[in-house]
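What follows is a set of notes on a single structure, which appears directly below.
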There are 2 protein chains.
Amino acid sequence: MEYALRDERALLEKYLRDRGLKMTRARETVLDAFLGLESHVSVEAVIEAARRLDPGVGQATVFRTVKLLVDAGLAREACHDDGSRLFEHAYNHAHHDHLTCTRCGAVVEFIDPDIERSQEAVYRRYGFRSSGHRLELYGVCPDCAAKDAE
Amino acid sequence: MEYALRDERALLEKYLRDRGLKMTRARETVLDAFLGLESHVSVEAVIEAARRLDPGVGQATVFRTVKLLVDAGLAREACHDDGSRLFEHAYNHAHHDHLTCTRCGAVVEFIDPDIERSQEAVYRRYGFRSSGHRLELYGVCPDCAAKDAE
DNA sequence: AGTCTATTGATAAGGGTTATCATTTACAGA
DNA sequence: TCTGTAAATGATAACCCTTATCAATAGACT
């Protein structure tokens with residue numbers, strides 16, 4: 001765990017150094033806050049977490065730093081939760097799609113090789129060069145379905 | 001065309017009547033404006049179109065009516081265009097997914113039976129009951145790729 | 001240490017969407 | 001057709017999330 005954290009810190013430092021940017025206390029704080037949260041986090045949640053580590057962090061800085069983390073490949077934008085954007089870890093966290101329960105909000109992350117292959121076929125069919133995709137399946141999870149049956 | 005228009009008007013009237021709501025001039029205007037536009041429309045575009053038909057229409061009314069159209073099954077929310085939401089026709093307009101060019105914004109609507117089948121398999125695998133999905137493929141279209149090659 | 005420039009945090013501004021509210025309008029019933 | 005009542009309207013303000021502004025601060029290099 002600690003090793004991974006150091007990896008990500010090193011990645012961010014390299015990303016910053018490569019373009020003449022600086023590794024600052026605020027950026028460290030936001031990185032630690034983000035890494036300490038689980039998948040699918042709003043910027044607001046990162047702000048709260050960051051302020052638990054350092055109450056003085058400004059919200060503008062968190063917005064800016066989360067964008068940096070995305071550019072550096074440490075975070076990636078997940079499904080918009082209708083309104084605010086959600087982010088998830090991107091380092092050591094392979095590509096996957098989401099299966100979301102519309103009742104309780106539970107999220108299952110999955111990867112389906114058949115779907116991935118079929119998507120490649122669609123790209124070929126229309127002559128597009130692939131640059132990523134977003135697949136969200138919505139449904140009712142077993143627990144919520146069981147409650148319905150009662 | 002005119003028949004379809006009358007169909008959709010009748011659907012909206014039924015939807016409204018069934019819950020004690022009223023068919024008004026403003027709602028007619030917004031419906032006509034929406035139907036007169038092509039796929040993937042922002043609310044702002046609907047406002048403009050509605051005001052061409054009747055300059056007095058308020059923007060709050062358009063927002064409210066578009067939401068009504070979604071509830072009535074005449075419109076459906078498409079991919080968020082990062083910022084504002086986009087809507088498309090839902091009546092007589094079968095389910096499909098989107099393949100979007102990240103350079104020029106061109107959108108190809110497609111349906112792939114293999115992907116649909118594989119998605120059903122994912123639902124079964126996790127015991128979810130399906131209630132819809134959203135698949136957006138991003139890439140570079142042939143035209144933009146050709147420009148790159150120059 | 002000094003210098004130069006990126007970064008910060010507070011604040012204001014922006015864009016899209018929703019709430020408020022007095023006035024108007026549609027619809028049902030007389 | 002007239003009337004009563006509740007829904008709908010449009011103007012406006014408010015709201016949320018996000019970005020821009022800017023004077024003050026703080027990295028990183030010499």
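All chains are named by letter (A, B, ...) in the order of the sequence lines, taking the proteins before the strands, and each is independently numbered beginning at 1. Quick caveat, the model's predicted, so the values are computed rather than measured.
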Check: Among residues 61-68 of chain B, which residues get a heavy atom nearer than 4.0 Å to DNA chain D?
Finding: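 Close to the strand are B/Thr61, B/Arg64.
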
Answer yes when [X] and [Y] have at least one side-chain N-carboxylate O distance shorter than 4.0 Å, and no when they do not.
X        : Y        : result
A/Asp54  : A/Arg25  : yes
B/Arg129 : A/Asp148 : yes
B/Arg124 : B/Glu120 : no
A/Asp18  : A/Lys14  : yes
A/Arg125 : B/Asp112 : yes
B/Arg134 : A/Glu136 : no

Check: Any chance the rings of A/His89 and A/His40 have centres within less than 6.0 Å?
Finding: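 Ring-ring flag for A/His89/A/His40: false, centres at least 6.0 Å apart.
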
Check: Are A/His133 and B/His98 near enough that their ring centres are under 6.0 Å apart?
Finding: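 No; B/His98 has its ring centre 6.0 Å or more from that of A/His133.
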
Figure out the [atom1]/[atom2] separation between [X] and [N], and round it to whole Å.
X       : N      : atom1 : atom2 : answer
A/Arg51 : C/dG9  : CZ    : P     : 9 Å
B/Glu44 : C/dT17 : CD    : P     : 9 Å
B/Leu16 : C/dT25 : CG    : P     : 18 Å
A/Arg25 : C/dA6  : CZ    : C1'   : 17 Å
B/Ile47 : C/dT17 : CD1   : P     : 9 Å
B/Arg85 : C/dG15 : CZ    : P     : 18 Å
B/Leu12 : D/dA7  : CG    : C1'   : 15 Å
A/Glu28 : C/dT8  : CD    : C1'   : 15 Å

Note to self: Looking at B/Arg27, I'd like to know whether one of its side-chain N or O atoms comes within less than 4.0 Å of OP1 or OP2 on D/dA8.
What the structure shows: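 Yes, such a contact exists.
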
Next item on the list: Kindly indicate whether a cation-pi arrangement holds for A/Arg85 with A/Phe87, taking the cut-offs as under 6.0 Å to the six-membered ring centre and within 45° of the axis.
Entry: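 No; the conditions do not both hold, so A/Arg85 does not lie above the ring face of A/Phe87.
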
Checklist line | Closest to side chain of B/Gln59, choosing from D/dT18, C/dT17, D/dA11 | finding: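 Within the option list, the nearest is C/dT17.
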
Checklist line | From C/dT8, D/dT9, C/dT17, nucleotide with atom closest to A/Ala26 side chain | finding: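 Nearest nucleotide to the side chain: C/dT8.
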
Pairwise N/O distances under 3.5 Å, protein to nucleotides 28-30 of chain D:
from	atom 1	to	atom 2	distance (Å)
D/dA28	OP1	A/Met23	N	3.4

Item checked: Closest non-hydrogen atom pair between B/Ile115 and A/Ser118, with its separation ->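 That would be CG1-CB, 3.3 Å.
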
Next item on the list: Under 3.5 Å for both distances, Watson-Crick or G-U wobble, that's the pair rule; now give the dot-bracket for DNA chain C, with | marking pairs to another strand and [ ] for crossing ones.
Entry: ||||||||||||||||||||||||||||||

Next item on the list: Indicate, with a heavy-atom threshold strictly under 4.0 Å, whether A/Ala60 touches base, sugar-phosphate, or nothing.
Entry: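 A/Ala60: base contact, heavy atoms under 4.0 Å.
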
Note to self: Applying the side chain to side chain contact (heavy atoms under 4.5 Å, CB included) criterion to A/Leu74, which one of A/Leu69, A/Val66, A/Leu68, A/Asp7 satisfies it?
What the structure shows: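 When side chain to side chain contact (heavy atoms under 4.5 Å, CB included) is applied between A/Leu74 and each of A/Leu69, A/Val66, A/Leu68, A/Asp7, only A/Leu69 qualifies.
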
Notebook entry, point to check: Angle class for the B/Phe110/A/Tyr126 ring planes (parallel below 30°, perpendicular above 60°, tilted otherwise)?
Noted result: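 Aromatic pair B/Phe110/A/Tyr126 classed tilted.
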
